[in-house]
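Report on the structure given below.
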Amino acid sequence: MRVAVVGGGPGGLYAAVLLKRLDPARRITVWERNAPEDTFGFGVVLSDETLGGIEHADPEVYRALQAEFVRWDDIDIVHRGRTLTSGGHGFAALSRRRLLAVLHRRCRDLGVELRFRSEAPPAAELARTHDLVIAADGVHSATRTAHADVFGPRLTTHRCRYIWLAADFALDAFRFEIAETEHGVAQLHAYPYSRPTPDGTAPGPAGAERSPGASTVIVEMREEVWRAAGLDRCDERESAQWCAKVFADALGGRSLRANNSSWIAFRTVVNDRWSHGNTVLLGDAAHTAHFSIGSGTKLAVEDALALAACLQEQPDTASALAAYEEERRPVVASTQRAARASLAWFEELATYLDQPPHQFAFNLLTRSRRVTHDNLRLRDPGFVAAVEREAGIEATTPPMFTPFRLGGLTLRNRVVVSPMDMYSAADGEGTPGDFHLVHLGARALGGAGLVMTEMVCVSPEGRITPGCTGLYAPGHETAWRRVTDFVHTSAPGTAIGVQLGHSGRKGSTRLMWEGIDQPLPEGNWPVVAASPLPYRPGVNQSPHALTEPELATVREQFVASAESAARAGFDLLELHCAHGYLLSGFLSPLTNRRTDAYGGDLTARLRFPLEVFDAVRAVWPAERPMTVRISATDWADGGTTADDAVAIAEAFTRHGADAIDVSTGQVVPDERPDFGRSYQTPFADRIRNTLGVPVIAVGALSSWDDVNSLVLAGRADLCALARPHLYDPHWTLHAAADQEYSGPGAPWPLPYRAGSRTPPTGRTDAPKPRLTLR
């Protein structure tokens with residue numbers, strides 16, 4: 001088997017090592033355009049998980065690397081003259097130059113041919129003369145570009161500039177430092193990668209040359225700050241001097257060293273496919289992850305491990321490359337989600353600067369959502385306890401069980417049962433029945449601070465399906481009163497809210513389980529919208545564009561439903577302006593093509609939703625809070641952006657909204673959401689910390705640890721969970737039991753109190769050994 005490796009970085013070299021070690025008969029050639037001693041960057045970080053894979057696959061490489069590693073546990077966070085330290089994190093780093101030297105030596109020992117200072121032939125040419133071509137040619141991959149029609153690359157350039165530098169001394173911890181300059185905020189990410197050599201006190205080989213060690217130093221800032229500081233006009237030496245001056249305290253007045261260092265904007269690389277015939281992408285050519293989570297080299301090395309294993313396990317190359325991609329893609333996607341969350345946090349760093357010191361540090365440490373409240377408490381319980389003390393949280397109370405005041409309503413905890421369409425109005429006329437009483441009543445008994453209804457429709461033609469509930473007929477109010485009375489009587493302390501909405505162009509469809517968004521086979525009613533654009537052309541009917549008199553009618557329908565909701569006893573009202581329903585359709589430029597006063601720029605697109613809000617707020621009791629659910633992004637080109645979402649939230653807050661419920665998407669069918677755990681929460685975070693308004697976070701929140709983390713970090717005030725409450729109506733009470741909490745934030749209903757402990761699953765009272773006989 002002939003193997004060509006394009007690119008002599010860690011991923012390509014390690015792939016060559018593994019493939020040659022597994023089969024010495026393979027003829028493997030590595031092309032690297034630079035000299036063997038050339039390298040860019042300084043230190044690299046590898047996780048214990050990655051090191052374990054290296055140790056298992058090639059003990060010789062592992063032993064050579066182990067001798068070079070610098071390990072540390074602490075992270076120092078420096079902000080406004082105060083340093084807070086969190087321990088227990090466990091990093092390992094080494095010089096990139098030494099890593100490459102170890103891999104060069106191992107390649108030569110095994111018989112891999114290394115061609116330095118050599119441009120590789122085009123991948124298509126190599127593919128004709130080799131059995132396998134591994135394109136490990138980096139973020140600017142020529143192979144990926146040449147075959148872009150097959151790989152389908154998508155490159156996203158982000159909003160910060162950063163530069164890699166080095167300090168000639170070893171820091172004693174990973175250090176994050178924030179500098180508030182006259183031009184804006186800059187941040188330092190720094191870590192040691194080379195130990196100090198003996199100085200008379202530290203152990204080391206006799207005669208070793210003295211060295212203070214070395215640290216990687218990355219300085220990052222928003223593009224506009226970089227330009228304002230004049231760094232776009234600075235050369236390498238001037239840039240290093242500027243950074244050394246700004247972060248003089250961290251460096252102890254020492255200078256910074258460059259190595260072909262330049263200011264660059266990070267690009268996230270995603271590919272639809274990773275292989276093309278016998279050519280496969282590896283490492284940064286296939287995917288990138290922001291340096292702030294230290295995963296670039298880690299991912300490339302893990303790619304090499306997986307690729308080698310799949311080639312060994314599968315019967316042929318095509319099967320191996322398919323298995324490699326199937327194995328690695330979900331792992332990489334998860335890492336990229338964490339990396340995007342981390343880089344977005346640093347892009348919005350200025351919004352967090354006024355947080356209390358410990359909360360700021362906790363927010364930074366949990367920014368990627370991989371480190372959580374519970375995980376950090378295991379690593380450093382003292383640090384987490386200090387964060388909670390600063391927030392005024394009692395030692396025995398998890399953050400999720402602290403109260404929160406929303407307008408005139410005090411919620412006993414931060415958990416919301418999210419609105420979930422049930423499509424179960426049995427009479428086909430929108431009347432809630434026994435199902436809704438049991439469904440909402442069970443979740444109210446389950447301990448959440450706030451239970452929300454599904455979207456309750458303001459008119460018959462405003463329903464999504466014939467099974468949707470409403471608040472437009474006399475019997476509706478009485479039926480809903482039955483539900484709210486049960487909640488207030490049988491689950492005292494639980495609030496119940498109603499979400500009012502109109503389906504717009506997404507109406508007149510089948511029940512979800514009969515075909516979501518599919519038109520009814522018969523009995524369809526006309527649908528209306530901001531503009532005459534069907535949800536799915538050729539599938540859904542074209543809506544009628546509402547005229548100004550018709551807009552007034554719809555507005556009065558919302559008012560009448562709000563008045564009915566108040567009489568029915570709801571504690572909170574939420575206006576549904578998300579997910580492509582009527583009001584959301586006015587907000588998005590993809591669905592609002594009007595040329596009158598209700599279409600055009602965002603101010604005009606906001607006009608009708610704000611008119612409805614104002615009219616409802618005027619009749620909704622002043623002491624009861626009112627919230628608004630928005631789609632903070634359409635996940636589609638030309639749609640609502642995160643910047644738009646901030647402006648939309650600001651407008652509703654200015655008109656009297658007590659909180660913004662921040663969801664995303666479902667506006668157009670060709671959306672491309674970035675699914676993953678907590679994937680929507682950064683949008684809520686940005687609105688909260690930009691505007692200083694209360695927010696409800698939603699979006700694949702699944703654990704009480706997620707809720708604790710978001711609340712304590714100050715990214716959300718309330719957390720709405722949907723599917724977890726379908727799985728377990730008593731999710732909140734069970735979260736309290738799991739955390740051994742029994743305070744006022746999660747009281748068990750008296751009839752259920754005997755079930756507040758996990759039932760035993762087997763005998764646990766066997767006699768314990770008393771003596772050990774030798």
Side-chain angles (χ1 to χ4, degrees), residues 7-10 32-45 68 70 78 93-101 116-117 138-140 157-171 174-179 181 183-197 209-223 225-267 284 288 290-292 294 296-297 343 346:
E32 170 54 52
R33 64 184 178 183
N34 296 304
E37 65 276 6
D38 290 344
T39 185
F40 307 100
F42 298 96
V44 296
V45 179
E68 303 282 345
V70 178
V78 185
L94 79 163
S95 160
R96 181 180 173 88
R97 187 185 298 275
R98 292 297 304 143
L99 171 61
L100 293 175
F116 292 106
R117 303 183 181 88
V139 66
H140 302 294
T157 302
H158 299 283
R159 296 189 288 180
C160 284
R161 292 277 182 160
Y162 66 97
I163 188 170
W164 289 80
L165 302 165
D168 289 322
F169 73 100
L171 290 162
F174 198 118
R175 186 180 181 101
F176 290 106
E177 182 164 341
I178 314 304
T181 76
H183 309 290
V185 181
Q187 60 259 21
L188 172 143
H189 314 240
Y191 57 87
Y193 68 85
S194 175
R195 299 186 190 92
T197 51
E209 184 180 351
R210 293 187 179 184
S211 167
S215 299
T216 294
V217 175
I218 306 169
V219 177
E220 182 185 28
M221 66 198 71
R222 288 279 290 257
E223 171 99 13
V225 177
W226 174 73
R227 291 189 182 280
L231 292 166
D232 57 328
R233 302 184 298 276
C234 289
D235 60 21
E236 182 182 67
R237 180 184 60 82
E238 293 167 332
S239 293
Q241 290 175 342
W242 187 93
C243 295
K245 180 179 179 181
V246 169
F247 294 102
D249 288 346
L251 302 171
R254 301 175 180 88
S255 62
L256 287 169
R257 172 165 49 90
N259 176 18
N260 291 310
S261 303
S262 60
W263 292 97
I264 53 180
F266 186 81
R267 292 201 295 178
D284 282 356
T288 59
H290 193 250
F291 61 83
S292 61
T297 303
L343 75 85
F346 282 111

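All heavy atoms count here, side chains included; hydrogens, waters and symmetry mates do not. We're numbering straight along the sequence, starting at 1.
Considering only heavy atoms from C-beta on, C243 comes within 4.5 Å of I163 through its side chain. Residues F291 and L343 form no side-chain contact, since every pair of their non-hydrogen atoms from C-beta on lies 4.5 Å or further apart. Within the 4.5 Å cutoff, the side chain of I178 has no heavy atoms near those of the L188 side chain. Here the side chains of P10 and L100 are in contact, with some heavy-atom distance below 4.5 Å. Residues D232 and R161 have side chains not in contact (no heavy-atom distance under 4.5 Å, counting atoms from C-beta outward). When side chains are defined from C-beta on, V219 counts as touching F247, because their heavy atoms get closer than 4.5 Å. Taking 4.5 Å as the limit, some side-chain heavy atom of R175 sits within range of a side-chain heavy atom of V78. Residues V70 and L94 fail the side-chain proximity criterion, which asks for heavy atoms closer than 4.5 Å.
A salt bridge is absent between E37 and R96: the closest approach of a Lys/Arg side-chain nitrogen to an acidic carboxylate oxygen does not fall below 4.0 angstrom. Ion pair D168/R254 not flagged as a salt bridge, since none of the NZ, NE, NH1 or NH2 atoms sits closer than 4.0 Å to an Asp/Glu carboxylate oxygen. Ion pairing between a basic and an acidic side chain is recognised when a charged N comes within 4.0 Å of a carboxylate O; R159 and E223 show no such pairing.
Note: Y162 and F266 have tilted aromatic rings, judged against thresholds of 30 and 60 degrees for the angle between ring planes.
Between R222 and H183, the side chains place no donor N or O within less than 3.5 Å of an acceptor N or O (distance only, hydrogens not considered). Side-chain N/O atoms of W164 and T216 include no donor and acceptor closer than 3.5 Å.
Here the side chain of S239 pairs no donor or acceptor atom with the backbone of R237 at under 3.5 angstrom. Not a single donor-acceptor pair under 3.5 Å links the side chain of S261 to the backbone N or O of E236.
The side chain to side chain contact (heavy atoms under 4.5 Å, CB included) test with R267 is passed by exactly one of H290, H140, H158: H140.
In this structure, V246 and A179 approach most closely via the heavy-atom pair CG1-CB, 3.5 Å. Considering all non-hydrogen atoms of both residues, A93 and P192 come closest at CB-O, 3.5 Å. When all heavy atoms of S292 and H189 are compared, the closest pair comes out as CB-CE1, 4.1 Å.
Annotation: Y191 is not in aromatic contact with Y193 [ring centroid separation under 6.0 Å not met].
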